[in-house]
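Structure first, commentary second.
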Amino acid sequence: MIKPQSNHLRQTQLLDGFWTFRRDADRIGEEQNWNLGFAGECELAVPGSWNEQRSELEQYFGIAWYSKSFIAHQSWQEHGVSVHFGSVQNHAKVWLNGTLVGTHEGGTLPFQCDLSASLVPGQENLLVVQVDASINPWDLPPARIQANAKNEGFHNSNPSVTYDFFPFGGIPRPVTLQITPEWERIDKIRVETALDREANHAKVSLTVSIKNSTATSVLLRIENDSASAAVDASGIARVNIEISSPRIWDIGSPELYLAEVSLQKDGKTIDHYSQSFGLRTIEVVGNSLRLNGRDVFLRGYGKHEDFPVLGRGLSLPLVARDFDLLAWTGANSFRTSHYPYAEEWYEFADRHGILIIAETPMVGLCERLFASEEIKGKALKLVSDMVERDHHHPSVIMWSVANEPWIESQKGTDFITALLAEARSQDSSRPVTYVAHNGIEINAACHDCDIVSVNRYGGWYDYPGDIETGTQYLGKVLDKFHSTFGKPILLAEFGADAIPGEHSLPAIMFTEEYQADIIEAQIAAAESREWVIGTHVWAFSDFKTGQSITRAVRNHKGIFTRERLPKMAAHRIRQIWTNK
Ligand code: BDP
């Protein structure tokens, strides 16, 4: 699948806007044929999570239906028409004019449905989506099976999920019609690059998959060079171009190239797609992470897709603002904790030279999930789907296959090891990691990481109220991880909650002073160890969580508030990272 695009042969039509909405708490919609259309209880905006758009939906975690009609142009009769969802949280069933056109599991990756067979050109067409956001112990990420089980995540909350963020429901990313000239079309593009900096030369290889193929060849153009390759019987063409004196993508010079891919049939171009990519190297050498042969130290944050009213919903002004604030603090990187974000985040990072650790939605995993072969199959697919969607972004420098799996047995280690192996087999050009749990001892899967990522909250969950002892403890933990695994270490999470406006002298927990001091002390402790390759503060901004006695309305570990106002820690970090 490729992201919809408009060009001289492809058209897009955005279906964002207000959609008709109706909850289906009793699950009667299918029986009552809501797929043919239904009376809405209200209108809701897409993209957007439903929870904060109306009070009565705030705590609704179940099935709901969305519908939207659009006029199909008469000329679409001869075209291929599909609908692309950036994501639907969590599961989706899609009907066009009453006919089921697709289903999808999982709330953080895109999917698309072919519409051509049930589309009525020249008339109004009705698109209906059933969204299932119910709290399910077997989803990835999962809900708890037992409300108070110790081994199912960090702390119990309502809704009872195994992870520390809010289980939003809805259609949080754009919905786009893609109209292609023919039924035959470019379906997937895999870009592989090999940059030889010494020889000042790069090789770019594209694997192009064609849907409904009878086309004969694919023509690739990159700036002034071009090459073509025949489409084989399975609908795949492999085409290479060599680039001499390549422009190298880097933090300060985010140089991008466009691969112009044309599908040829009977001497005619029948489809076209422009795929951006960058040329850079990223590798682990000894104790360092090297970008284009130079050591790079990661300074940044774990984040969430989260903002008041929008929930998980994509907002382009918010993307722009967050990148502005990242730069203001002197950060060079972030992790897409704890799931793949909307593609617009990675595209912005590509254009502005910010580094991303791209994470799967595998957070809050525990033994009962490790024991299921079915879950393992789904988890492996999530890794490969993420790599397929995001592999071409030069900003993505590392894959994180899971956050804090609660491993208690060899099965858990094997599960994570399998995910790491899958990421590596899908993409050998980037380091892989998973983020080891804050509170468990079995971390053997770290042996299979290129970088060992560690979360630790000394001075907060461990040694609360004591920054000095907490920081010494953090140092010991880092030393132990390094001596056990002999790999470079990323301090992937550390920090403290600060309720904005709370101050104290001396610094005590939950005040802005305490958060700023702990972050400063722990950045220094981590940076004093030459094998630490980065510090990612938890978190960039406050974010919504389930209700719990450990969360005062939300998680307050942001150095910005949920509305993106700076706390004292934001100013402190800016001072440390930029000297301003
Ligand atoms: C870490 C988790 C993160 C939480 C954080 C916290 O990785 O998702 O939000 O703890 O407790 O263990 O604030």
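Because the structure is predicted, anything quoted here is derived from the model rather than measured. Whatever order the structure lists them in is the order used to number ligands and atoms, beginning at 1. Here, residue 1 is the first one in the sequence, and each next residue gets the next number.
Residue Arg551 has at least one heavy-atom neighbour below 4.0 Å for each of these atoms of ligand 1: 6 (C), 11 (O), 13 (O). Atom numbering of ligand 1 starts at 1 in the shown order; those under 4.0 Å from a heavy atom of Asn455 are 7 (O). Each of the atoms 6 (C), 11 (O), 13 (O) of ligand 1 lies under 4.0 Å from some heavy atom of Tyr461. Of all atoms in ligand 1, listed by their number and element, those nearer than 4.0 Å to a heavy atom of His338 are 3 (C), 7 (O), 8 (O). Atoms of ligand 1 found under 4.0 Å from any heavy atom of Asn555 (numbered from 1 in listed order, with element): 6 (C), 9 (O), 13 (O).
A cation-pi arrangement is present between Lys557 and Tyr457 under the rule of less than 6.0 angstrom and at most 45 degrees off the ring axis. Judged by a 6.0 Å distance limit and a 45° cone about the ring axis, Arg312 is positioned over the six-membered ring of Tyr339.
Residues in residues 462-472 take part in no salt bridge (charged side-chain N to carboxylate O under 4.0 Å, His left out) pair, two or more places apart or across chains.
Just one residue in the list Arg551, Lys567, Arg554 forms a salt bridge (Lys or Arg N to Asp or Glu O under 4.0 Å) with Asp542, and that residue is Lys567.
Residue Asn403 touches ligand 1 through its side chain alone, judged by heavy-atom distances below 4.0 Å.
Ser134 and Asn136 share no donor-acceptor pair across their side chains, judged by distance under 3.5 Å alone. Residues Gln410 and Asp414 have side chains that bring a donor and an acceptor to within less than 3.5 angstrom of each other.
Within the 4.0 Å heavy-atom shell around ligand 1 one finds Phe543. Using a 4.0 Å cutoff on heavy atoms, Tyr457 counts as a contact of ligand 1.
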